[in-house]
Colleague: 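One structure, as structure tokens, below. Some questions next.
Read the numbers this way: they start at 1 and go in the same order the structure lists the ligands and their atoms.
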Amino acid sequence: MTGLAGRLLDLAGGAMLDTAQVTAVSPLAPGFLRVRLTAEAFRKVTWVPGSKLQFRPRRGTMSLRTYTPIGWDAETGETELIAYTHGDGPAATWFRQVAVGDRCEVFGPRNSIDLRDVAGRPVVFVGDETSVALACALRTVTTDVSYIFEAQDPAALAGLLPGLNITERATVVAKDTGLLPLARAAAGPGPCILVVTGDAATVHAVRRDSLTWPLKPAKVKGKAYWAEGRAGLD
Ligand SMILES: Cc1cc2nc3c(=O)[nH]c(=O)nc-3n(C[C@H](O)[C@H](O)[C@H](O)COP(=O)(O)OP(=O)(O)OC[C@H]3O[C@@H](n4cnc5c(N)ncnc54)[C@H](O)[C@@H]3O)c2cc1C
């Protein structure tokens with residue numbers, strides 16, 4: 001990016017994006033960070049659990065990365081994110097270096113998965129490291145949830161769940177080791193709501209498999225959060 005093009009993009013971004021300040025950073029487990037953001041613009045927001053917040057990890061580009069607020073306090077203008085710092089992408093790098101007092105440019109929150117209507121039926125939640133924040137957002141709506149996570153490092157993911165109050169009916173398996181039968185078994189005898197996010201390949205496989213469950217989910221809320229070889233999926 002040339003200096004002039006970068007400056008123009010910064011100007012364009014300035015018109016579209018709000019500025020947030022980092023007001024807390026807590027390492028949760030290897031590869032996971034919880035980050036609190038505070039912004040004046042956050043006071044004007046009605047938060048929908050499951051919605052997304054995007055931010056620009058590098059100035060001079062318009063490339064945004066997408067995260068899930070775990071809650072929202074419109075009175076104080078605060079929200080929190082849980083980031084999985086996989087690899088060397090711009091967002092993972094930003095989170096690894098972030099410190100209290102840093103600023104970032106944010107866009108949203110905007111609709112993604114809408115969890116407001118899931119209460120009243122059991123939920124089967126399938127996800128991975130990138131879905132931990134969505135699991136927290138879901139807890140603000142219902143506790144009748146069976147969680148199945150796949151993870152590159154199952155011990156790290158399992159270790160952070162108790163601190164997020166996810167202690168019951170939570171299973172963590174190593175990636176690519178038999179998640180489908182677990183999701184099917186978790187569905188139970190009555191119609192459930194299936195919430196599935198994370199790796200695009202897993203989201204696709206679980207959606208397809210759920211069509212063959214003895215009792216199909218009453219509703220499926222699914223979204224790919226990342227895909228092998230594709231950057232900045234939204
Ligand atoms: C609606 C939505 C909500 C999301 N919420 C969260 C959230 O709350 N917390 C969170 O941590 N992430 C979340 N994500 C996923 C996150 O946006 C992606 O992981 C994103 O690609 C990270 O950006 P990056 O700049 O680090 O890597 P990128 O530059 O986007 O990608 C670099 C490379 O890493 C690969 N990659 C990206 N993520 C992963 C991964 N998890 N595992 C293995 N390889 C990966 C890509 O395929 C690519 O090859 C969400 C995504 C969406 C669409």
Colleague: Mind checking whether Ala231 has an N or O less than 3.5 Å away from an N or O of ligand 1?
Modeller: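 N/O-N/O distance below 3.5 Å does not exist for this pair.
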Colleague: Looking only at protein heavy atoms, which one is nearest to atom 11 (O) of ligand 1, and what is the separation?
Modeller: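 Answer, as residue, atom name and distance: Tyr84 N, 2.8 Å.
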Colleague: With respect to Phe149, which candidate in Leu157, Thr171, Val173 satisfies the side-chain contact (heavy atoms from CB on, under 4.5 Å) definition?
Modeller: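 Output: one option passes, namely Leu157.
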Colleague: Quick one: does Thr68 get an N or O within less than 3.5 Å of an N or O on ligand 1?
Modeller: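 Such a contact does occur with ligand 1.
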Colleague: For ligand 1, which atoms, with element, lie under 4.0 Å from some heavy atom of Ala91?
Modeller: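 Those of ligand 1 that fall under 4.0 Å from Ala91 are 23 (O), 24 (P), 25 (O), 26 (O).
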Colleague: What residue and heavy atom of the protein are closest to atom 20 (C) of ligand 1, and at what distance?
Modeller: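 Heavy-atom neighbour on the protein nearest atom 20 (C) of ligand 1: Arg65 CD, 4.3 Å.
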Colleague: Working to the nearest 0.5 Å, report the span between CG of Leu64 and CZ of Arg58.
Modeller: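 One gets 13.0 Å once the value is rounded to the nearest 0.5 Å.
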Colleague: Give the residue and atom name of whichever protein heavy atom lies nearest to atom 51 (C) of ligand 1, and the separation in Å to one decimal.
Modeller: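 Minimum-distance protein heavy atom for atom 51 (C) of ligand 1 reads Tyr225 O, 3.3 Å.
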Colleague: Any nitrogen or oxygen of His86 lying under 3.5 Å from a nitrogen or oxygen in ligand 1? Just yes or no.
Modeller: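 In this structure, His86 places an N or O atom under 3.5 Å from an N or O of ligand 1.
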Colleague: Does the side chain of Arg34 come under 3.5 Å of the side chain of Ser26 through a donor N or O and an acceptor N or O?
Modeller: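 No donor-acceptor contact under 3.5 Å links the two side chains.
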Colleague: Linking directly or through intermediates, with side-chain heavy atoms under 4.5 Å: list the remaining ILVMFWY members grouped with Phe95, chain and number order.
Modeller: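 When side chains under 4.5 Å apart are linked, the cluster holding Phe95 also contains Val22, Val25, Leu33, Val35, Leu37, Phe42, Val45, Trp47, Leu53, Phe55, Tyr67, Trp72, Leu81, Trp94, Val98, Val100, Val106.
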Colleague: Is it true that a side-chain atom of Glu129 and a backbone atom of Gln152 form a donor plus acceptor pair closer than 3.5 Å?
Modeller: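 Indeed, once roles are kept as given, a pair shorter than 3.5 Å links the two residues.
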Colleague: If you measure from each non-hydrogen atom of Glu228 to ligand 1, which part falls under 4.0 Å: side chain, backbone, both or neither?
Modeller: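 It is the backbone that touches ligand 1; the side chain stays farther off.
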Colleague: What part of Leu233, side chain from CB on, backbone N/CA/C/O, both or neither, has a heavy atom under 4.0 Å from ligand 1?
Modeller: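 Just the backbone.
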Colleague: Heavy-atom contacts with Ala83 under 4.0 Å: which atoms of ligand 1 show up? List them by number with element.
Modeller: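 This gives 11 (O) as the contact atoms.
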Colleague: Do any nitrogen or oxygen atoms of Ile82 come within less than 3.5 Å of a nitrogen or oxygen of ligand 1?
Modeller: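 Right, the criterion is met.
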Colleague: Check ligand 1 against Asp234 and write out every atom of the ligand that is under 4.0 Å from a heavy-atom position of the residue.
Modeller: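 Counting atoms of ligand 1 from 1, those under 4.0 Å from Asp234 are 53 (C).
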Colleague: Specify the protein heavy atom at minimum distance from atom 48 (C) of ligand 1: its residue, its atom name, and the distance to 0.1 Å.
Modeller: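 Its nearest protein heavy-atom neighbour is Arg230 O, 3.7 Å.
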Colleague: Under 4.0 Å, heavy-atom basis, I'd like to know which part of Pro90 is in contact with ligand 1: side chain, backbone, both or neither.
Modeller: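 Both backbone and side chain of Pro90 come within 4.0 Å of ligand 1.
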Colleague: Go through ligand 1 atom by atom and flag the ones less than 4.0 Å from a non-hydrogen atom of Gly232.
Modeller: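 The atoms of ligand 1 under 4.0 Å from a heavy atom of Gly232 are 21 (O), 28 (P), 30 (O).
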Colleague: Please indicate whether Arg184 has more than 12 foreign heavy atoms, meaning atoms of other residues, nucleotides or ligands, lying under 6.0 Å from its CZ.
Modeller: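 Count over threshold, so yes.
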Colleague: Quick check: does Thr66 get an N/O under 3.5 Å from an N/O on ligand 1?
Modeller: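 By distance alone, the answer is yes.
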Colleague: Does the protein put a heavy atom less than 4.0 Å from atom 53 (C) of ligand 1?
Modeller: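 Yes, because at least one protein heavy atom sits under 4.0 Å from atom 53 (C) of ligand 1.
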Colleague: Counting non-hydrogen protein atoms only, what is the nearest one to atom 26 (O) of ligand 1? Give residue, atom name and distance.
Modeller: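 I find the closest protein heavy atom is Ala92 N, 3.0 Å.
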Colleague: I need the Leu160 CG to Leu28 CG distance, nearest 0.5 Å.
Modeller: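 If I round to the nearest 0.5 Å, the distance is 6.0 Å.
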Colleague: Which residue and atom name correspond to the protein heavy atom nearest atom 27 (O) of ligand 1, and how close is it?
Modeller: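 Sorting protein heavy atoms by distance from atom 27 (O) of ligand 1 puts Gly89 CA, 3.6 Å first.
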Colleague: In this structure, would Ile148 and Tyr84 fall into the same cluster of hydrophobic residues linked by side-chain contacts under 4.5 Å?
Modeller: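 No, Ile148 does not connect to Tyr84 through the hydrophobic network.
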Colleague: Could you pull out all residues at least two apart from Ala185 that satisfy side-chain contact (heavy atoms from CB on, under 4.5 Å)?
Modeller: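 With sequence neighbours excluded, Ala185 shows a side-chain contact (heavy atoms from CB on, under 4.5 Å) to no residue whatsoever.
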Colleague: Among all protein heavy atoms, pick out the one at the shortest distance from atom 37 (C) of ligand 1; state its residue, atom name and that distance to 0.1 Å.
Modeller: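 Residue, atom and distance for the closest contact: Trp226 CB, 4.0 Å.
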Colleague: Heavy-atom pairs closer than 4.0 Å: do any link ligand 1 to the side chain of Tyr67, the backbone, both, or neither?
Modeller: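 Contact part for Tyr67 vs ligand 1: both backbone and side chain.
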Colleague: Are the side chain of Asp18 and the backbone of Ala39 linked by a donor-acceptor contact shorter than 3.5 Å?
Modeller: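 No; judged by distance alone, with no hydrogens or angles, the pair does not exist.
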Colleague: With respect to Glu129, determine whether any N or O atom, backbone or side chain, lies less than 3.5 Å from an N or O atom of ligand 1.
Modeller: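 No; the residue has no nitrogen or oxygen that sits under 3.5 Å from a nitrogen or oxygen of the ligand.
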Colleague: Could an N or O of ligand 1 be found under 3.5 Å from any N or O of Lys223, whether backbone or side chain?
Modeller: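 Among all N and O atoms of Lys223, none is under 3.5 Å from an N or O of ligand 1.
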Colleague: Quick check against the 3.5 Å criterion: does Arg139 have a side-chain atom that pairs as donor or acceptor with the backbone of Asn165?
Modeller: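 Indeed, once roles are kept as given, a pair shorter than 3.5 Å links the two residues.
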Colleague: Going through the checks in order, is the side chain to side chain contact (heavy atoms under 4.5 Å, CB included) test met by Leu134 and Leu115?
Modeller: CA-CA 9 Å; Leu134 186 71; Leu115 294 172; 3.8 Å; yes
Colleague: Quick one: nearest non-hydrogen protein atom to atom 6 (C) of ligand 1, plus distance?
Modeller: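 Answer for atom 6 (C) of ligand 1: Thr130 O, 3.4 Å.
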Colleague: Flag Ser112 as yes when one of its N or O atoms lies below 3.5 Å from any N or O atom of ligand 1, and as no otherwise.
Modeller: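 The answer is no, given that Ser112 and ligand 1 share no N or O pair closer than 3.5 Å.
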Colleague: Let me see the working for Glu168 and Thr143 under side chain to side chain contact (heavy atoms under 4.5 Å, CB included), right down to the final yes or no.
Modeller: CA-CA 9 Å; Glu168 282 166 29; Thr143 52; over 6 Å; no
Colleague: If the cut-off is 4.0 Å to any non-hydrogen atom of Ala133, which atoms of ligand 1 fall inside it?
Modeller: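 Close to Ala133: 8 (O).
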Colleague: Do any N or O atoms from the side chain of Arg116 and from the backbone of Val48 form a donor-acceptor pair under 3.5 angstrom?
Modeller: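 Side chain of Arg116 to backbone of Val48, a donor-acceptor pair under 3.5 Å: no, none is there.
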Colleague: Is the backbone of Thr19 close enough, under 3.5 Å, to the side chain of Arg103 for a donor and an acceptor to pair up by distance?
Modeller: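 Not confirmed, Arg103 side chain does not pair with Thr19 backbone.
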Colleague: Give the intermediate values and the outcome of side chain to side chain donor-acceptor pair (under 3.5 Å) for residues Ser112 and Arg110.
Modeller: CA-CA 7 Å; Ser112 178; Arg110 291 189 300 135; over 6 Å; no
Colleague: Which atoms of ligand 1 are found less than 4.0 Å from any heavy atom of Ala227?
Modeller: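 Every atom of ligand 1 under 4.0 Å from some heavy atom of Ala227: 46 (C), 47 (O).
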